[in-house]
There are 2 protein chains.
Amino acid sequence: MAEVRSVDTRERILDAAEHLFMAHGYEGTSMRQITSEAGVNLAAVNYHFGSKESLMQEVFRRRLDWLNEERMRVLNELEREAAGKPLKPSQIVDGFFGTLLRMADDEERGGKTFLRLLGRTLTDPSEFIRTFLAHEYAVVVDRYKEALFCALPDVPKAEIVWRFHFMLGATSYAIAGTDALRLVTDWQIEEEDAIDRLDRLVPRLMSFLLGGLRAPLPQFSDAVADSK
Amino acid sequence: MAEVRSVDTRERILDAAEHLFMAHGYEGTSMRQITSEAGVNLAAVNYHFGSKESLMQEVFRRRLDWLNEERMRVLNELEREAAGKPLKPSQIVDGFFGTLLRMADDEERGGKTFLRLLGRTLTDPSEFIRTFLAHEYAVVVDRYKEALFCALPDVPKAEIVWRFHFMLGATSYAIAGTDALRLVTDWQIEEEDAIDRLDRLVPRLMSFLLGGLRAPLPQFSDAVADSK
DNA sequence: CTATGATTCAAACGAACGTATGAATTATAG
DNA sequence: CTATAATTCATACGTTCGTTTGAATCATAG
C-alpha cells in the first residue's frame with residue numbers, strides 16, 4: 001500500500017483548507033481554491049475525505065481531539081492536586097481558556113490560524129457546523145461546568161452557565177483575529193504591541209474573564225429569589 | 001411616480017434578507033431564496049438594490065442608522081447631565097450595549113432577528129462586510145472609547161480598548177442566539193427562562209461586562225510599566 | 001518482473017449561482 | 001384618455017459550484 005504520497009496529500013489539503021476556511025469562511029471557500037493552494041488535483045478532496053463537509057469536520061477534528069484531551073488532562077491534574085477541595089475559579093478558567101489560547105504558539109497544533117478559524121466558526125450560520133462543534137465540545141464543557149459549580153457554590157448554576165457563555169464569546173472574539181479588532185480601534189495606540197500581541201493577550205483576557213465571572217450577581221427587575 | 005408598490009417590495013425584500021442572512025449567512029443565502037420568501041420577482045433585488053452586496057449593506061444601514069443616532073443621543077444626554085464630571089463606567093456601558101440589547105424588544109427596529117444577524121456578522125469572514133461594518137461603527141465607537149478613557153483615568157488606554165473588544169465579543173455571542181448556546185448547555189437548567197430570556201439577559205450581561213471592565217489589571221510576565 | 005491495489009489526473013457532469021434583458025404591466029401626469 | 005415613467009415579470013446568460021468518472025501513474029507484494 002502506498003502511504004507516503006497520500007499522507008502528504010491529506011495533510012496538505014487539511015492545511016490549505018484550514019487557512020482558507022479561516023480567511024473566507026466555509027461557504028466562501030471553493031474546492032478549487034483549496035486544491036490549488038494545496039498543490040493537488042481537484043478530485044483529491046473527494047477521494048480522501050468524501051465531501052467538502054467531511055473535509056471541514058476533519059479540519060476541526062485534527063485539532064480539537066488534542067485540545068479536548070489536553071483540557072481533560074489539565075482538569076484531572078488540578079483536581080488530583082486539590083485532593084477533594086474545590087478548585088479556584090482562576091484555575092478552571094485557565095484550564096479551559098488558557099489551554100486554548102496557548103495553542104496559538106503551537107504551530108504543530110494549528111497555531112493562530114486554527115484559533116481564528118475556531119473563533120469565527122463558533123458563530124457560523126451553517127447548521128451542520130454548529131451541530132458538529134456542539135457535539136465535539138459537549139463532554140469537556142460539561143466537566144468544566146461541573147467544576148465551576150463546585151468552585152462557586154454560592155452562585156446560581158444558571159448564572160454560571162450564562163457567564164461561561166459570555167466568556168466563550170469574549171474569547172472567541174479575542175482569537176477571531178485582529179481584523180474584527182478594527183471595529184474598536186484604528187490602532188492609534190498599540191504600535192508597540194505588534195509582536196507581543198499574544199503573550200499580552202492571554203493575561204489581559206484572563207483578567208477580563210475572571211472579573212466577569214466573579215462580578216456581583218445581577219438584580220432582576222422582578223424580585224424573584226433566583227437560587228439554584 | 002409609483003411609490004406604493006415599490007416601497008412595499010423594497011421592505012419585503014429587506015425583511016426576507018434580514019431573516020435569511022441571519023439564519024444561513026451571507027454566502028449561504030441565495031437571491032432566489034430571498035425573492036421567494038419575500039414573494040417578489042427574482043429580478044426585483046437587482047432592480048431596487050443593484051446587487052446582493054448592496055442589499056446586504058442596506059439591510060444593515062436600515063437598522064444601524066437608528067442605533068448609531070440613539071447611541072449618540074444617549075451619550076450626549078449623559079454628558080449633559082454630568083455637567084463636566086466624568087461619567088460612571090456603568091452608564092457608558094449601558095449606553096452602548098444596553099441601547100443595543102433593548103433593540104431586541106423593538107420589532108420595528110428588527111428585534112431579535114437583527115440582533116442575531118449583527119452578532120454573527122461581526123465575525124463574518126467576508127472582507128467587504130467587515131469593512132462596511134467597521135466604517136459604520138467608527139465614529140460612535142470612538143466617542144464611547146473617549147468617554148471610557150475619561151471615566152477610567154487610571155486604566156491604561158490600551159487596556160480599555162482591549163476590554164471594549166472583549167465586551168463586544170461577549171455581547172455578540174449573547175445576542176447571536178440560543179443556537180450557539182447549545183455549546184455550553186443542554187438546557188437542563190433553564191426551562192423556567194423560556195419567556196424571560198431577554199429581560200434577564202440584559203442585567204446578566206451587564207453585570208458580566210462591568211465585572212470584566214473593572215477587573216484588576218493584568219500582570220505581564222515581562223515587567224514593563226504599561227502606562228499611557 | 002509481473003500483478004494488484006492505491007493514488008493521481010484531466011475532463012466532464014448537472015445544478016445552482018448572481019445578473020441582465022426586453023417585453024408586459026401598472027401607476028402617475030398632462 | 002393618452003403619454004410617460006416606474007415597476008414587475010418570465011426567461012435566459014455566462015460562471016462557478018461540488019462531485020463523478022475512467023484512464024493513467026505509482027508503489028508494493030509475490
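Every chain is numbered from 1, with letters handed out A, B, ... down the list of sequences.
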Inset, instruction - Using atom OH of A:Tyr47 as one end and atom P of C:dA6 as the other, report the distance to the nearest whole Å. - result: 7 Å
Inset, instruction - Could you check A:Leu205, A:Leu168, A:Ile92 and say which one makes a side chain to side chain contact (heavy atoms under 4.5 Å, CB included) with A:Phe97? - result: A:Leu168
Inset, instruction - Measure from CZ on A:Arg32 to C1' on C:dC13 and round the result to the nearest Å. - result: 11 Å
Legend entry - Most 5' of A:Gln33 and B:Ala44 on DNA chain D, judged by nearest nucleotide: B:Ala44
Inset, instruction - Calculate the interatomic distance between A:Glu27 atom CD and D:dC17 atom C1'; express it in whole Å. - result: 11 Å
Inset, instruction - Determine: side-chain N/O of A:Ser30 to OP1/OP2 of D:dC17, distance under 4.0 Å, yes or no. - result: yes
Inset, instruction - Answer with base, sugar-phosphate or nothing: what part of the nucleic acid does A:Thr29 contact at a heavy-atom distance below 4.0 Å? - result: sugar-phosphate
Inset, instruction - Can you tell me the distance, in whole Å, between the CE atom of B:Met31 and the P atom of D:dT15? - result: 18 Å
Inset, instruction - Measure the CZ-CZ distance between B:Arg62 and B:Arg109 for me, rounded to the nearest 0.5 Å. - result: 11.0 Å
Legend entry - B:Met167 side chain reached by B:Phe96 side chain, heavy atoms, under 4.5 Å: no
Inset, instruction - Quickly work out the A:Asn46 CG to C:dA6 C1' distance and round it to whole Å. - result: 17 Å
Legend entry - N or O in side chain of B:Thr9 less than 4.0 angstrom from D:dT8 OP1/OP2: yes
Inset, instruction - Check whether any side-chain nitrogen or oxygen of A:His48 sits under 4.0 Å from OP1 or OP2 of C:dA6, and answer yes or no. - result: no
Inset, instruction - Please say which of B:Arg12, B:Arg32, B:His19 ends up in a side-chain hydrogen bond (donor to acceptor under 3.5 Å, both in side chains) with B:Glu37. - result: B:His19
Inset, instruction - In whole angstrom, give the distance that lies between atom CD1 of A:Ile13 and atom C1' of C:dT7. - result: 11 Å
Legend entry - Between C1' of C:dT8 and CG of A:Asn41, the distance in whole Å: 6 Å
Legend entry - Euclidean distance, atom NZ of residue B:Lys52 to atom P of C:dT19 [Å, nearest integer]: 8 Å
